[in-house]
J.: 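Can you read through this structure? Questions will come right after.
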Amino acid sequence: MRHNFDETINRIGTDSDKWDNEGKSGTLIPLGIADTDYRAPSEVLDAVRGKVDFGVFGYGHFPHDRFTDAIKGWYGRHHKIDIRKDQISYAPGLMTGALWMFLDAYTNPGDKVVIQTPVYATFKRVIENFKRKAIDNPLIFREGDYHIDFEDLEDKLKMPDVKILLVCNPANPVGRVWTKEEMQKMYDLCRENHVIIISDEIHSDMIHKGLPFHSFLEICEEEDQNVVVMNSPSKTFNLASFFSAYVIVKNRNLKKAFDDIYKKYHFDYNYLGVEALITAYNECDYYVMELNDYLQSNIDFSIEYINKHLPKLKVQYPDCSYLLWVDCEELGLNSEGLTKFFEDSGIRVNAGESYGKDSGHFVRVNIACTRSLLERALKQIKVNYDKSGF
């Protein structure tokens, strides 16, 4: 490998939300917050270092052509989708920028947004903080996997004031990569009911098991009024603190509405973050291939260990990303009890109930760390598991 994913990097005391906050400055091993413990690619570090060494940080002039060229190239190479440069806009992060700007552009206070729980908890938080109402279309959990309840979805899309279906594509935390057939059904129902699909594709670079990833951009037509996409390299390349994301909108009126919101708030852009995005997308394809190999190895190791040593924990191989959605129902603990069990093991995980009201017996576990740390964490869980008599 060109990149060393086994490198141990001490993030304690670096203002890391994951290690200094969630991990309580090293008191706990944090396997919750969805960032990786890996350095960004050397090409990205060199590009950012070059900007820093230049030493002048006055107002920037957004490098529109380089930015849109990089994104167009990425979607063309990795997803075989040809997008036009004029369909791309910058956003200062996904949740902190793109989502609430979409809500501001396309909805009014009191309007409803459908989400498919269990789903990324910040979806509901942003929707409700912005005075819109989140409507659950709960996924069906059957034989260890999740499926869309299309009958319920149709009923929810027909409700008055439903303006948006917010889709996590691929799905966090359940680890599903939606099939093209499932996406077509969602698209057809939204089109029939004049509902916009917002597709969050932030995990789309990390697909496992040889599965194809399909973007809603493949399904929608030119000037389509029913689909907008948001994405960022932050998960793939561990660039979250740069708050540099983008949206892809084919319909000119919808795109203008988004751009007008950007202008309304007089946003600027992250000078270093945009350079990191451009460099990652232009020069670091190898990193994604190596990252996925490493993640899949960690997933294999984790599932094999859990099945052998922690048999009351049930986990399916995720289709995507670096998050395990672990069913702990056989432990007989409520959500608070599960959190305490893992913390007593010296581990911090994300409580399942934050992703949906019926998911309190699940936890989300981030395996995007070094193998040595992952092995240590699992062994600590086993010690407490055995001690607790499970």
J.: Name all residues meeting the side chain to side chain contact (heavy atoms under 4.5 Å, CB included) criterion together with Ala34; count only those two or more places apart in sequence or in a different chain, and write none if there are none.
T.: Lys235, Tyr322, Leu323, Arg364
J.: Listed by chain and number, what are the salt bridge (Lys or Arg N to Asp or Glu O under 4.0 Å) partners of Lys72, not counting sequence neighbours?
T.: Asp82
J.: Could you work out, with side chain to side chain donor-acceptor pair (under 3.5 Å) as the rule, every residue matching Lys180, not counting sequence neighbours?
T.: none
J.: Check side chain to side chain contact (heavy atoms under 4.5 Å, CB included) between Pro41 and all other residues, then give those that pass, not counting sequence neighbours.
T.: Glu43, Val44, Phe237, Cys284, Tyr286, Tyr287
J.: Among residues at least two apart in sequence or on other chains, which ones pass side chain to side chain donor-acceptor pair (under 3.5 Å) with Thr117?
T.: none
J.: Students often mix this up, so state it plainly: with edges at 30° and 60°, are the rings of Phe123 and Tyr120 parallel, tilted or perpendicular?
T.: perpendicular
J.: Mind checking salt bridge (Lys or Arg N to Asp or Glu O under 4.0 Å) for Lys163 and listing every partner two or more places apart, or none if nothing turns up?
T.: Asp111
J.: Classify the ring geometry of Phe258 against Phe102: parallel below 30°, tilted from 30° to 60°, perpendicular beyond 60°.
T.: tilted
J.: Could you work out, with side chain to side chain donor-acceptor pair (under 3.5 Å) as the rule, every residue matching Glu218, not counting sequence neighbours?
T.: His214
J.: Salt bridge check: are Glu7 and Arg39 linked by an N-O gap of less than 4.0 Å?
T.: yes
J.: Just checking Lys209: does its NZ atom have more than 12 heavy atoms from other residues, nucleotides or ligands closer to it than 6.0 angstrom?
T.: yes
J.: Is the count of non-hydrogen atoms from other residues, nucleotides or ligands lying under 6.0 Å from Asp15 atom CG greater than 12?
T.: no
J.: If the threshold is 4.0 Å, N to carboxylate O, is there a salt bridge linking Glu275 and Arg66?
T.: yes
J.: Checking Asn238 side chain against Thr36 main chain: does a donor-acceptor pair fall under 3.5 Å?
T.: yes
J.: Under the salt bridge (Lys or Arg N to Asp or Glu O under 4.0 Å) rule, collect the residues that match up with Arg125, sequence neighbours excluded.
T.: none
J.: Test your reading of the model: is there a side-chain donor-acceptor pair from Glu223 to the backbone of Arg252, 3.5 Å cut-off?
T.: yes
J.: State plainly whether the residues Glu154 and Lys185 are in salt-bridge range, i.e. N to O under 4.0 Å.
T.: no
J.: With sequence neighbours left out, write down each residue that passes side chain to side chain contact (heavy atoms under 4.5 Å, CB included) with Tyr265, or none if nothing qualifies.
T.: Trp100, Asp104, Ile261, Phe267
J.: Taking the side chain from Asn226 and the backbone from Val195, do they hold a donor-acceptor pair closer than 3.5 Å?
T.: yes
J.: Under the side chain to side chain donor-acceptor pair (under 3.5 Å) test, which residues partner Tyr305, sequence neighbours left out?
T.: none
J.: With sequence neighbours left out, what residues match His64 under side chain to side chain contact (heavy atoms under 4.5 Å, CB included)?
T.: Phe62, Thr68
J.: Which residue pairs pass the ring pair (Phe, Tyr, Trp, His ring centres under 6.0 Å) test with at least one member in residues 17-61, sequence neighbours excluded?
T.: Phe5-Tyr38, Tyr38-Tyr294
J.: Is the Lys NZ or Arg CZ of Lys312 less than 6.0 Å from the centre of Phe390's six-membered ring, within 45° of the axis?
T.: no
J.: Within 45 degrees of the ring normal and closer than 6.0 Å to the centroid, is that where the cationic atom of Arg371 sits relative to Phe301?
T.: yes
